There are 2 protein chains.
Amino acid sequence: MTHDESEKNDDFFLQNFLPFLLNQAAERASLEFQAVYKGRYGMLRTEWRVLFHLGLFGEMTAKEIGERARMHKTKISRAVAKLEERRYLKRTRDEADRRAEWLTLTPAGQAVYRDLYGVAASYDARLLGLFSEKEAALLRQMLRRLAGVD
Amino acid sequence: MTHDESEKNDDFFLQNFLPFLLNQAAERASLEFQAVYKGRYGMLRTEWRVLFHLGLFGEMTAKEIGERARMHKTKISRAVAKLEERRYLKRTRDEADRRAEWLTLTPAGQAVYRDLYGVAASYDARLLGLFSEKEAALLRQMLRRLAGVD
DNA sequence: GGTTAATAGTTGATTTTGTAACTAACAAGC
DNA sequence: GCTTGTTAGTTACAAAATCAACTATTAACC
């Protein structure tokens with residue numbers, strides 16, 4: 001486990017260090033897609049994620065989005081404000097618990113969601129094209145395990 | 001490829017969308033280790049990476065680090081400044097090309113590197129403990145392919 | 001029912017990142 | 001050797017993320 005000091009130019013460890021590898025892959029994999037929602041709608045990743053969740057799951061509270069996406073509530077709060085400002089979503093106070101509010105996409109927001117969903121799906125397919133069906137399934141399973149979802 | 005609109009509460013796609021999964025896994029996988037270099041030495045990820053590269057490869061220029069780690073030069077510039085301020089590295093002008101400078105760890109920097117290398121190695125081993133040898137090898141290979149290294 | 005604690009979400013201050021412009025040094029072409 | 005272009009690294013400014021403190025509301029407990 002100790003590093004051999006007499007030997008330099010050893011990139012064995014670096015090439016295999018999982019947090020580094022994961023980060024490189026994640027960064028690269030989100031780069032191209034980021035260019036789409038940024039370029040096409042001027043959105044940040046946080047905003048895209050919130051929109052995405054609302055598109056997939058329908059009505060949600062900010063808290064629920066935060067739990068699912070593992071995003072901090074301040075990020076969500078600001079993303080929601082931005083999406084509302086652009087008329088992509090609307091808020092409705094929960095009358096039973098007036099602290100919470102239900103978020104839903106407007107028709108305009110749904111249109112954006114559908115557009116980006118399509119782009120995301122084909123981008124995903126392209127990434128998965130690097131692997132066989134079996135490999136892809138295993139990869140996703142392993143990533144889920146690392147993420148602590150399973 | 002079109003999203004089925006009549007059906008809500010569909011988290012199938014989300015659970016499988018590779019950029020999302022990769023990001024979740026990467027974030028989770030770096031979290032605990034980040035706590036170590038941050039808590040123990042008050043370092044940021046950029047600083048840890050620069051230190052790590054210098055520890056692994058010995059003397060390097062900022063440019064080389066940037067290429068290997070795929071970090072932008074401003075990040076590196078600031079990380080180097082911070083590490084120098086803490087006396088973890090020293091700079092030497094390249095006399096043949098006076099624009100470039102060679103960076104090396106000081107003994108203090110090397111001590112930090114050795115400490116963190118040990119932590120990183122055992123942390124990595126723990127992560128890999130989630131998988132079999134075969135799976136782990138495949139995972140790394142797939143991540144490298146996604147990162148565009150291979 | 002009044003006090004205390006917890007929760008949903010927002011805001012402000014600080015830190016970190018990203019982008020563009022910059023300096024200093026080298027290289028190429030003429 | 002002088003212009004033009006390129007490169008290594010820094011700096012300034014804008015954008016974004018983080019952290020702590022805040023408001024408003026609900027829940028818990030005595």
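We name chains A, B, ... by the order of the sequence lines, and we start the count at 1 in each one. Keep in mind it's a predicted model, so treat the numbers as computed, not measured.
- Between B/Glu95 atom CD and C/dA25 atom P there is a gap of 11 Å when expressed in whole angstrom units.
- With rounding to whole Å, B/Arg70 atom CZ is found 15 Å from C/dG18 atom P.
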*asked:* As a quick check of understanding, evaluate side chain to side chain contact (heavy atoms under 4.5 Å, CB included) for B/Met43 and B/Leu83, giving each step before the final call.
replied: CA-CA 9 Å; B/Met43 290 200 298; B/Leu83 292 171; 3.9 Å; yes
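- Aromatic ring pairs are classed by plane angle as parallel below 30°, tilted from 30° to 60° and perpendicular above 60°; the pair B/Tyr117 and A/Phe13 is tilted.
- In the hydrophobic clustering of ILVMFWY residues, with side-chain heavy atoms under 4.5 Å counting as a link, A/Tyr113 and A/Met71 come out together.
- In this structure, B/Arg98 atom CZ and C/dA27 atom C1' are separated by 17 Å, rounded to whole Å.
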*Quick one: what's the B/S/- string for nucleotides 4-14 of chain C, heavy-atom cutoff under 4.0 Å, read 5' to 3'?*
--BBSBBBBB-
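- Taking atom CD of residue B/Glu47 and atom P of nucleotide C/dT17, one finds them 8 Å apart after rounding to whole Å.
- Residues satisfying the ring-ring contact (aromatic ring centres under 6.0 Å, His included) criterion with B/Phe33, sequence neighbours excluded, are A/Phe17, B/Tyr37, B/Trp48.
- Rounded to an integer number of Å, the gap from CG of B/Leu103 to P of D/dG9 is 7 Å.
- Taking B/Lys38 as the reference, nothing meets the side chain to side chain donor-acceptor pair (under 3.5 Å) condition, with sequence neighbours excluded.
- Hydrophobic clustering of Ile, Leu, Val, Met, Phe, Trp and Tyr side chains at less than 4.5 Å, counting indirect connections, keeps B/Leu146 apart from B/Val149.
- Heavy atoms only, all atoms of each residue included: B/Tyr123 and B/Arg28 are closest at OH-O, 3.9 Å.
- Within residues 29-38 of chain B, no residue has any heavy atom closer than 4.0 Å to DNA chain C.
- At the heavy-atom level, B/Ala79 lies nowhere under 4.0 Å from the strands shown.
- Put simply, CG on A/Asp94 is 9 Å from P on D/dT26, counting in whole angstrom units.
- For A/Arg87, there are no side chain to side chain donor-acceptor pair (under 3.5 Å) partners two or more places apart in sequence or in a different chain.
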Exercise answer: donor-acceptor pairs, residues 51-61 of chain B side-chain atoms, under 3.5 Å, sequence neighbours excluded:
residue : atom : partner : partner atom : Å
B/His53 : ND1  : B/Arg49 : O            : 2.9
B/Thr61 : OG1  : B/Glu64 : N            : 3.2

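- Within the structure, a side-chain polar atom (N or O) of B/Lys75 is placed less than 4.0 Å from OP1 or OP2 of C/dG18.
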